[in-house]
Amino acid sequence: MRHYEYGGPDVLTIDSVRRSTSLALKPVAGFSLPAWRAAAPEQARAERAELAGHAAAGRLRTAVHARFPLADAPAVHRLIEERSHLGRILVLP
């Protein structure tokens, strides 16, 4: 799996990005997947194949920051507004 920083072709493996340093990564802004595929079709094909291999092998995991019952919806909104979480916030029925 790869992570792309905005503004450059630097590629970091997920293992090389520690939780504390991931906050310093720049967000991707204005990224266009079709434009990237058109500009680098061979790289896009290779990376899609790599991603498919990871998915087929069960190596992809979703980062979950917190799970909340629906009754705690106000706490969920506060957490989202703080923008301090890493990963998904799940609201469960």
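Bear in mind that the values here come from a model prediction, so they are computed numbers and not experimental data.
- Evaluation of the side chain to side chain contact (heavy atoms under 4.5 Å, CB included) rule for Ala44 yields Trp36, Arg37, Arg48 as partners, not counting sequence neighbours.
- Residue Val91 belongs to a hydrophobic cluster whose other members are Phe68, Leu70, Val76, Leu79, Ile80, Ile89, with links defined by side-chain heavy atoms closer than 4.5 Å.
- With hydrogens and angles disregarded, a donor-acceptor distance shorter than 3.5 Å links the side chain of Arg61 to the backbone of Gly58.
- Residues that satisfy the salt bridge (charged side-chain N to carboxylate O under 4.0 Å, His left out) test with Arg45, not counting sequence neighbours, are Glu42.
- Under the rule for a side chain to side chain contact (heavy atoms under 4.5 Å, CB included), the partners of Leu90 that lie at least two apart in sequence or sit in another chain are Val64, Arg67, Arg88, Leu92.
- In this structure, OG in Ser84 is found 6.0 Å from NE2 in His65, a value given to the nearest 0.5 Å.
- Looking at residues two or more places apart in sequence or on another chain, you find no side chain to side chain donor-acceptor pair (under 3.5 Å) involving Glu81.
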